[in-house]
Amino acid sequence: MTEESGKKDAGSRQGMLLVLSGPAGAGKSTVLRSVVENDPKVRFSVSCTTRPAREEEVNGRDYHFLSEQEFADKLEAGEFLEHAGVHKWSYGTLRSSVADLIGDGFDVIMDIDVQGAAQIRACNDPLIARSRVDIFLMPADTGELEQRLRARGSEDDESFRLRMESAIEELRHWQHYTYRILSSTRESDYQSFMTILQAERLRVGRWL
Ligand code: 5GP
């Protein structure tokens, strides 16, 4: 489906800002990839990061990979809707990469950490306040999380330890979210996400 036909389908509904958080290894990217692939009205918000790209990652598709200086310049210029330090790297969402899409009726998914989600919740911009929906994807248990993180194989010991620590810290924040999905199979996580998405789309306020 093209961008144009996506807009047409969306009619006069304002898009949503779907904030998806949860510890690394909980399955966020799998869920959001399936949602973006299967629903033409959904777009992924490509974040900026100072983290180096992993082998399979593509600049502009997975992230905008920036130098520390480029990130600092954008921060200084007020271009970020939210930003945070995660592990030893900086991450942030450009305001421009979500506002236009939402205005055009697309639902935008942000894969962001709990600090970024708190900033989105506190944001007074009427477009953001009206469109945000926050969802926490939680692993069934920490043993499973550890297994998934180890299976990635892209981590050295130090990165792995840092990720496990911040995963456990992130888990403490699930109560701040409107929705929680307890991770099960890929299909079940996807279905839970779509159930939330479809119900939220029916809210009368989104059509006014
Ligand atoms: P990774 O380095 O594994 O891609 O992501 C590490 C963490 O950073 C994940 O929990 C992810 O949700 C978070 N993250 C990715 N992009 C952003 C962003 O733009 N803002 C914030 N606050 N967190 C982000």
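Numbering of ligands and ligand atoms starts at 1, following listing order.
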Taking non-hydrogen atoms only, is [X] closer than 4.0 angstrom to ligand 1 via side chain, backbone, both or neither?
| X | result |
| --- | --- |
| Q115 | neither |
| M110 | neither |
| V86 | side chain |
| R54 | side chain |

> Can you tell which of F80, Y63, W89, Y91 gets a heavy atom nearest to atom 2 (O) of ligand 1?
Replying inline: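 Among F80, Y63, W89, Y91, the closest heavy atom to atom 2 (O) of ligand 1 belongs to Y91.
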
> Counting heavy atoms only, which of I120, I112, D113, D62 is nearest atom 22 (N) of ligand 1?
Replying inline: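 Nearest option to atom 22 (N) of ligand 1, by heavy atoms: D113.
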
>> I'd like to know if the side chain of H87 pairs up with that of S166 as donor and acceptor (distance under 3.5 Å, no hydrogens or angles considered).
In response: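 Judged by distance alone, the side chains do pair up.
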
>> Would G92 count as a contact residue for ligand 1, given that I'm defining contact as a non-hydrogen atom of the residue lying under 4.0 Å from a ligand atom?
In response: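 Per 4.0 Å heavy-atom rule, G92 contacts ligand 1.
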
Are any of the N/O atoms in [X] less than 3.5 Å from those in ligand 1?
| X | value |
| --- | --- |
| H83 | no |
| E170 | no |
| H87 | no |

Which of the atoms in ligand 1, numbered in the order shown and given with their element, are less than 4.0 Å from a heavy-atom of [X]?
| X | result |
| --- | --- |
| D111 | 11 (C), 12 (O), 14 (N), 15 (C), 16 (N), 17 (C), 24 (C) |
| T93 | 19 (O) |
| G116 | 22 (N) |
| A84 | 22 (N) |
| R51 | 1 (P), 2 (O), 4 (O) |
| K28 | 9 (C), 10 (O), 11 (C), 12 (O) |

>> Under 6.0 Å from the ring centre and within 45 degrees of the ring axis: does the NZ or CZ of R43 meet both conditions for the six-membered ring of F106?
In response: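 Yes, R43 sits over the ring of F106.
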
>> Tell me if a side-chain donor or acceptor on T142 pairs with a main-chain N or O of L145 at a distance below 3.5 Å.
In response: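 No; zero donor-acceptor contacts below 3.5 Å.
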
> In the hydrophobic clustering (ILVMFWY, side-chain contacts below 4.5 Å, transitive), which residues join V42, or is it alone?
Replying inline: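 Under the 4.5 Å side-chain rule, V42 groups with M16, L18, L20, V31, L32, V35, V36, F44, V46, I109, V133, I135, L137, Y179, I181, Y190, F193, M194, I196, L197.
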
>> Is there a path of hydrophobic side-chain contacts, each under 4.5 Å between heavy atoms, that joins I102 and I120?
In response: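 The answer is yes; both residues are in one hydrophobic cluster.
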
Strictly below 4.0 Å, N to O, side chains only: are [X] and [Y] in salt-bridge contact?
| X | Y | answer |
| --- | --- | --- |
| R132 | E200 | no |
| R95 | D100 | no |
| E70 | K74 | no |

>> Let me confirm one number: the CZ-CD distance from F71 to E76, rounded to the nearest 0.5 Å.
In response: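 Answer rounded to 0.5 Å: 13.0 Å.
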
>> The criterion is ring pair (Phe, Tyr, Trp, His ring centres under 6.0 Å); which residues satisfy it with H83, sequence neighbours excluded?
In response: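 With sequence neighbours excluded, H83 shows a ring pair (Phe, Tyr, Trp, His ring centres under 6.0 Å) to no residue whatsoever.
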
